[in-house]
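The next block holds one structure in the form of structure tokens; read it before the comments.
Note that the coordinates shown come from a computational prediction; the quantities given were computed from them, not determined experimentally. Scope of the values below: all heavy atoms of this structure, side chains included, with no hydrogens, waters or symmetry mates.
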Amino acid sequence: MARSRIYLDWNATAPLLQEARDAVMLALDSVGNPSSVHAEGRAARAMVEKARRQVASLVGAQPAHVVFTGSATEAANLALSPSYRMGRSPLTIGRLYVSAIEHPAVRLGGRFAAGQVSEIAVTPSGQIDLAALEAALAAHPDEDGLPMVAVMLANNETGIIQPVADVARRVRAKGGLLLVDAVQAVGRMPVNIAALDADFLILSGHKLGGPKGIGALVSRGETLMPQPLIRGGGQEKGHRGGTENLPGIVGLGAACEFAEKDLTERNFRIAALREKLEEGIRKAAPDVVIHGAGVDRIANTSFFSLPGLKAETGQIAFDLEGIALSAGAACSSGKVGQSHVLTAMGLDAALGGLRLSIGAATTEEEIGHAIEAFARIAARRRVAGQAA
């Protein structure tokens, strides 16, 4: 009997949790509109507010500070705006500073004009260059408005954890705002918006076992908020118009509740699996390069390059072995190109990298099969090189 396929691409999308599936099915049976005042509407509203509490609990926020969106990309575009309000008073953000390794949803600058966006370099270790950030903030023209800095907590390709608290100190010294893309971090490491000293966090449902098509923007408070991106009937306290996606929202809430439980124990087991994987691929191909191996990473991610093997070729080879993984990030409609993350780190991105990401359901047996597949692929690469 043929072995079933092995899914090792959790950073692209995590398998739907049973808890999230059950919540979604319950919501699909709910007939009420959360904005309606009758009993059916109130029941739907109660489900939304329960999910809001579940999301807030995962990141140490207040439920009232959670705004549900259609995706993390939408949440980014909502927050990345030059136009804010502090209570009833308008507030102008003059320039956006983003690290060179950000997801395109952030790196493209949202609603800022191209000329208002500055890119901050990263070090060869893959972390934001704090000296470069400090210099950029020192040169910020105060007359244009406040600075905003956007940085991810954990990189979606390498898994490298960014020094967000150090970034926050520099942002505060300049009186600016800090947006943290926590999409790959939540559920994979402790995340607390106050401890990070962030003004806003971005979350995505499908990255932590919730349904696709749901995200959230979490804020530190209610007085400072961007101008709405989607205007309509005043839902989400006027921050995001449109009838709430009830199944998506309750699915995200259930996934957040699951993620908060046994986080340390779960990550310890996942880290051990990654250690086994990386030990195995190093043994099979001593010239393999594991990006970010020398710095802090989220426990589930391994991003590696194999000299002589193009990323696209490697991805296809693993797929033929029955193993799903990514060549970099899965955010370009299936297109495999050079990794802007590797380029930003000053590495040769011509070959690209293969990203293997695991989760709570990954087994030791699956990791063993992945190592065996890697060994066969590496051996074919050597044979091909000798023939050439």
Side-chain angles (χ1 to χ4, degrees), residues 11 72 76 96-109 117-140 147-174 176-193 195-202 207 267 271 274-275 278 289-305 326 328-329 331 338-349 352-357:
N11 284 9
L96 172 66
Y97 301 88
V98 301
S99 84
I101 58 170
E102 295 303 304
H103 187 282
V106 171
R107 195 171 174 224
L108 291 175
V117 182
S118 296
E119 191 169 276
I120 306 299
V122 299
T123 66
S125 68
Q127 295 177 310
I128 188 171
D129 187 327
L130 294 171
L133 173 63
E134 194 163 354
L137 290 174
H140 174 80
M148 172 182 278
V149 174
V151 63
M152 51 179 35
L153 181 50
N155 184 259
N156 50 311
E157 292 191 20
T158 63
I160 293 172
I161 298 171
Q162 299 300 306
V164 172
D166 293 329
V167 171
R169 281 194 288 273
R170 288 157 175 81
V171 175
R172 298 300 168 220
K174 190 64 176 178
L177 303 184
L178 177 60
L179 169 69
V180 174
D181 175 358
V183 166
Q184 292 293 352
V186 288
R188 293 167 184 151
M189 62 180 286
V191 177
N192 183 286
I193 190 169
L196 293 172
D197 199 12
D199 294 291
F200 298 96
L201 294 180
I202 297 170
K207 300 293 187 177
N267 279 348
R274 187 187 66 186
E275 182 64 26
E278 292 185 346
V289 179
I290 299 175
H291 304 293
V295 294
D296 287 339
R297 292 176 289 164
I298 48 175
N300 80 315
T301 304
S302 184
F303 188 50
F304 54 88
S305 297
S326 284
C331 58
Q338 293 190 2
S339 167
H340 77 280
V341 174
L342 293 183
T343 299
M345 292 169 65
L347 300 171
D348 181 6
L354 295 172
R355 183 189 67 186
L356 190 153
S357 48

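A pairwise comparison of heavy atoms in Leu356 and Phe304 identifies CB-CE2, 4.3 Å as the closest pair. Counting all heavy atoms, side chain and backbone alike, Ser305 lies closest to Leu342 at OG-CD1, 4.2 Å. Considering all non-hydrogen atoms of both residues, Ile120 and Ala136 come closest at CD1-CB, 3.6 Å. When all heavy atoms of Ala76 and Val106 are compared, the closest pair comes out as CB-CG2, 4.2 Å.
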Practice item. Check the pair Leu137 / Tyr97 against side chain to side chain contact (heavy atoms under 4.5 Å, CB included), numbers first and verdict last. Key: CA-CA 8 Å; Leu137 290 174; Tyr97 301 88; 4.1 Å; yes
Check your understanding: What do the steps show when you test Asn156 against Val183 for side chain to side chain contact (heavy atoms under 4.5 Å, CB included), and what is the final call?
Key -> CA-CA 8 Å; Asn156 50 311; Val183 166; over 6 Å; no
Review point. Taking it one step at a time, do Ser99 and Gln162 satisfy side chain to side chain donor-acceptor pair (under 3.5 Å)?
Key: CA-CA 10 Å; Ser99 84; Gln162 299 300 306; 5.5 Å; no
Practice item. Assess whether side chain to side chain donor-acceptor pair (under 3.5 Å) is satisfied between Asn11 and Ser326, documenting all intermediate values. Key: CA-CA 9 Å; Asn11 284 9; Ser326 284; over 6 Å; no
Exercise for review: Determine, step by step, whether Leu96 and Ser118 satisfy the side chain to side chain contact (heavy atoms under 4.5 Å, CB included) criterion, reporting the C-alpha distance in whole Å, the side-chain angles of both residues, the deciding distance to 0.1 Å, and the verdict.
Suggested key: CA-CA 6 Å; Leu96 172 66; Ser118 296; over 6 Å; no
Practice item. Mind running side chain to side chain contact (heavy atoms under 4.5 Å, CB included) on Lys174 and His140 for me, showing each step along the way? Key: CA-CA 9 Å; Lys174 190 64 176 178; His140 174 80; 3.9 Å; yes
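Aromatic ring pairs are classed by plane angle as parallel below 30°, tilted from 30° to 60° and perpendicular above 60°; the pair His291 and Phe303 is tilted.
Proximity of a side-chain donor or acceptor of Arg172 to a complementary backbone N or O of Gly176 within less than 3.5 Å is detected. A distance-only check finds no donor-acceptor pair linking the side chain of Asn300 to the backbone of Ser357 [under 3.5 Å]. With Gln127 contributing its side chain and Ile161 its backbone, the two residues share a donor-acceptor pair below 3.5 Å. No donor-acceptor pair closer than 3.5 Å links the side chain of Asp181 to the backbone N or O of Ala150. The backbone N or O of Arg297 lies less than 3.5 Å from no partner atom in the side chain of Thr301, so there is not a single donor-acceptor pair. For Arg355 (side chain) and Ser302 (main-chain N/O), no donor-acceptor pair under 3.5 Å exists by modelled atom type. His340 places a side-chain N or O within donor-acceptor distance of the main-chain N or O of Glu102, the cut-off being under 3.5 Å.
Looking only at side-chain heavy atoms (C-beta outward), Val341 and Thr158 come within less than 4.5 Å of each other. At a threshold of 4.5 Å between non-hydrogen side-chain atoms, the residues Glu119 and Arg107 count as touching. Side-chain contact between Leu153 and Val186 is absent, with no heavy atoms from C-beta onward closer than 4.5 Å. Contact check for Asp296 versus Ile160: no side-chain heavy atoms found under the 4.5 Å cut-off.
If you run side chain to side chain contact (heavy atoms under 4.5 Å, CB included) between Leu179 and each of Asp199, Ile202, Leu201, only Ile202 comes through. Each of Val167, Val164, Val191 was compared with Val180 under the side chain to side chain contact (heavy atoms under 4.5 Å, CB included) criterion, and only Val164 meets it.
In this structure, CG on Asn155 lies 8.5 Å from CE on Met345, to the nearest 0.5 angstrom. Taken to the nearest 0.5 Å, the CD1 atom of Ile128 stands 8.0 Å off from the CD1 atom of Ile101. Of the inter-residue distances, the one linking Leu354 atom CG with Glu157 atom CD reads 11.0 Å to the nearest 0.5 angstrom.
A salt bridge links Glu134 to Arg170: at least one charged side-chain nitrogen sits closer than 4.0 Å to a carboxylate oxygen.
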